[in-house]
2 protein chains.
Amino acid sequence: MKRRPQTKRTTIYDLAELAGTSASAVSAVLNGNWKKRRISAQLAERITRLAEEQGYALNMQASVLRRDRSKIIGMIVPKYDNRYFGSIVEQFETMARERGLFPIVTCTRRDPALEIEAARAMLSYQVDCLIATGATDPDRIADICSAAGVRAVNLDLPGSRVPSVISDNFAGALELTRRVLSNCEREFGEKAPLLFVGGRGTDHNTSERVRGFRAAHAEAGVAVDELLVLTCGYAPEKAENAIKSLAAKVGTLPRGMFVNSTISLEGVMRWIRRSSHYPDRMPHLGCFDWDPFVAMLGDHIEMVRQDVPRMLEAVFEIIDSSATDPKVIEIPPIVEKIG
Amino acid sequence: MKRRPQTKRTTIYDLAELAGTSASAVSAVLNGNWKKRRISAQLAERITRLAEEQGYALNMQASVLRRDRSKIIGMIVPKYDNRYFGSIVEQFETMARERGLFPIVTCTRRDPALEIEAARAMLSYQVDCLIATGATDPDRIADICSAAGVRAVNLDLPGSRVPSVISDNFAGALELTRRVLSNCEREFGEKAPLLFVGGRGTDHNTSERVRGFRAAHAEAGVAVDELLVLTCGYAPEKAENAIKSLAAKVGTLPRGMFVNSTISLEGVMRWIRRSSHYPDRMPHLGCFDWDPFVAMLGDHIEMVRQDVPRMLEAVFEIIDSSATDPKVIEIPPIVEKIG
DNA sequence: CAATTCTGCTTCATCGATTGAGCAAGCGAG
DNA sequence: CTCGCTTGCTCAATCGATGAAGCAGAATTG
């Protein structure tokens, strides 16, 4: 096993030799505590200049191995195919860097096995803290982290072992459903139950949104038709198939829908355009998620936008304060359009 | 500075003590080359079982420090706010994992300084290879990598120092422009020059797309109006402002546009809907990029979808074959709708 | 039966950075 | 001139994993 032949990397020992000093002086200078270590400003400057000239780059592996904290912060995220998770990741990286942490993010494609594997990999890389975003089994991840003495936080979907930051799904869904119900009533002159499409029936967010959906119906004095709650998964094909087979079964679909994510909306829209179920007028839609192009699709769509900046502020507040109690923080989402 | 108090992590030394053997035996067993190191199957099994029971996790920092290859592969990416980069990252992670590599991805928000900082950070983490996606200065990154003896590959935007994989922007733009020109001619009965909006005039992709745009005009015998080539940057606001001030200047805008990315399209669409420039009929649009909801916006939009799977196959082919010559591989994009 | 080979381990140096402990020179006080 | 303090460094152990080299004891060979 040979070293990379091309260019052996410059180490603090090389710099020490060049500067005619010791490696420990170099180390002290390069990580800024040379005052504490009583290195003269002269030597400090010489070493700094040399490091610059030689293009020295710290070997994090060696540094992390020696220190107690790695300053690496991990995040796992289900998908990169929508604005919500995309902005979570961007915001996360920005805020991590502001705190002098190195963010590493990985996408698990909603695959439970990959989620666990990814969490283990992050622990191997000695992350100080792991954020599980939209995880299918947050508690499993929390357990793995806790066994390694690593802090964990849940985002988007809550768990019961560590703190969680999620949207106020009930309130968001309540308001969204209200608007779609009233849009339908305004246009079609009658109160009628809506269709709910998308999401996993077992996940907390979906069940809270269904609860909001029901509450808005109750408020309006409209009975929810249980056949019309399709928690079929998030994927576009699943939403499309669910709605297709429902249409085959019941004949006529409602003039209003609650769609649980832009991803599911993709399938719903596809079906609406392919089938000739709504030849005259588009149904009124409410989408629990936000996308700029969906907003342009027409006036018949209302959206709820999750407040990503506030959610991540809450996440970092937990991290900064070292809170570990498994409380759930709910951030109100933003209802985009004015009905 | 104290160690994490809670749970000190299990190391190979702990396992060695528990198994009554040496750390090197444990190491040999756990990384699978115990046959080569002549460890008995019996001991191997005992160690494996113990590791399982104790929830042992390899310390990658220590392991990487000792080995010559880190098996970490880095990628920098400009943004997570569109399907193109999102699918690049997902595909990259999947393919990296298939090869037993650990992917680390970071987003630089089109900030040149952050790009360099991110590249340096990745080198500190001893990546074996760095993929610079849509970098503003790929050659700078390649130089930094080369100084550290690390391989680099450019994706989406080409450089001159290391291999690059990009879309065939000229061909894609040519075909897209042809379609929009012919859509306009069909509807409005006259050949007229289109508007080009979005992208940086200095980047290779944009200039190739402008070249394709011009070639299609030439082919159709239509003169390109130089005032109508707005390479104003990618951001929605920039596209919106550019088009707004152009409208103020020239009065009437063309009935067809070539929009250079979905991100710029966001601004263009916003302007179209806010201004009353096209009260009767929407202009025909061609977008060099793909998004499912844009596709639903109407028949007046044509899209070119970059072939992400083939692009990443090409990237990994370069990596697997250790090619280093700075050739540019152009992957034909897919023209989505049939005009 | 001695010489050699094979088996199944252990020992120890090493990767690069960090940090507590320690050492020598200089300087001021007594 | 000596004692003690400060200044400005160096030394060496350490983090955890890896693998070349080496070393007993058993098995095989001539």
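Order of the sequence lines fixes the chain letters, A, B, ..., with proteins taken first and strands second; residue numbering starts at 1 for each chain. The shown structure was predicted, so the numbers you read here are calculated from the model rather than taken from an experiment.
When heavy atoms are screened at a 4.0 angstrom cut-off, A/S27 is found touching base atoms of the nucleic acid. Using a 4.0 Å heavy-atom cutoff across all strands shown, A/L30 reaches no nucleic acid atom at all.
Put simply, B/S63 has a side-chain N or O that comes within less than 4.0 Å of OP1 or OP2 on D/dT18. Distances shown here put every side-chain N or O of A/T11 at or beyond 4.0 Å from the OP1 or OP2 atom of C/dG16. At least one side-chain nitrogen or oxygen of B/Y56 sits closer than 4.0 Å to the OP1 or OP2 atom of D/dA17. Distances shorter than 4.0 Å separate none of the side-chain N or O atoms of A/S24 from OP1 or OP2 on C/dT19. The phosphate of C/dT10 has OP1 or OP2 within less than 4.0 Å of a side-chain N or O from B/S22. The side chain of B/S40 places an N or O atom within less than 4.0 Å of a non-bridging phosphate oxygen (OP1 or OP2) of C/dC9. OP1 or OP2 of C/dT18 has at least one side-chain nitrogen or oxygen of A/N31 nearer than 4.0 Å.
None of B/R151, B/K71, B/R99, B/R69 except one satisfies the salt bridge (charged side-chain N to carboxylate O under 4.0 Å, His left out) rule with B/D128; the exception is B/R69.
Distance, A/R69 CZ to C/dT19 P: 13 Å, rounded to whole Å. Taking atom CZ of residue A/R66 and atom C1' of nucleotide C/dT14, one finds them 16 Å apart after rounding to whole Å. Across the protein-nucleic acid pair, A/N33 atom CG and C/dA17 atom P stand 15 Å apart, rounded to whole Å. At whole-Å resolution of the value, CD in B/Q61 and C1' in C/dG16 are 12 Å apart. Distance, A/K71 NZ to C/dA17 C1': 14 Å, rounded to whole Å. When rounded to the nearest whole Å, the span between CD1 of B/I12 and P of D/dA17 equals 5 Å. The distance from atom NZ of A/K36 to atom P of C/dA21 is 16 Å, rounded to the nearest whole Å. Going from atom CD of A/E17 over to atom C1' of C/dA17 covers 17 Å, rounded to whole Å.
Under the 3.5 Å distance criterion, the side-chain polar atoms of B/R83 are matched with a main-chain donor or acceptor of A/D81. Remark: side-chain polar atoms of A/S63 are not paired, donor with acceptor, to backbone N or O of A/N59 under 3.5 angstrom. Not one N or O on the side chain of A/R200 forms a donor-acceptor pair closer than 3.5 Å with the backbone of A/N205.
Taking the six-membered ring where the residue is Trp, the centroids of B/Y125 and A/Y125 are separated by 6.0 Å or more.
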With B for base contact, S for sugar-phosphate-only contact and - for none (protein heavy atoms under 4.0 Å), nucleotides 21-27 of chain D reads -------
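Nearest-nucleotide mapping onto DNA chain D: of A/T21 and A/Y13, the residue sitting toward the 5' end is A/T21.
A salt bridge links B/E53 to B/R49: at least one charged side-chain nitrogen sits closer than 4.0 Å to a carboxylate oxygen.
Between the side chains of B/S167 and B/Q306, at least one donor N or O lies within less than 3.5 Å of an accepting N or O. In this model, a donor atom of one side chain and an acceptor atom of the other lie less than 3.5 Å apart for A/T136 and A/E115.
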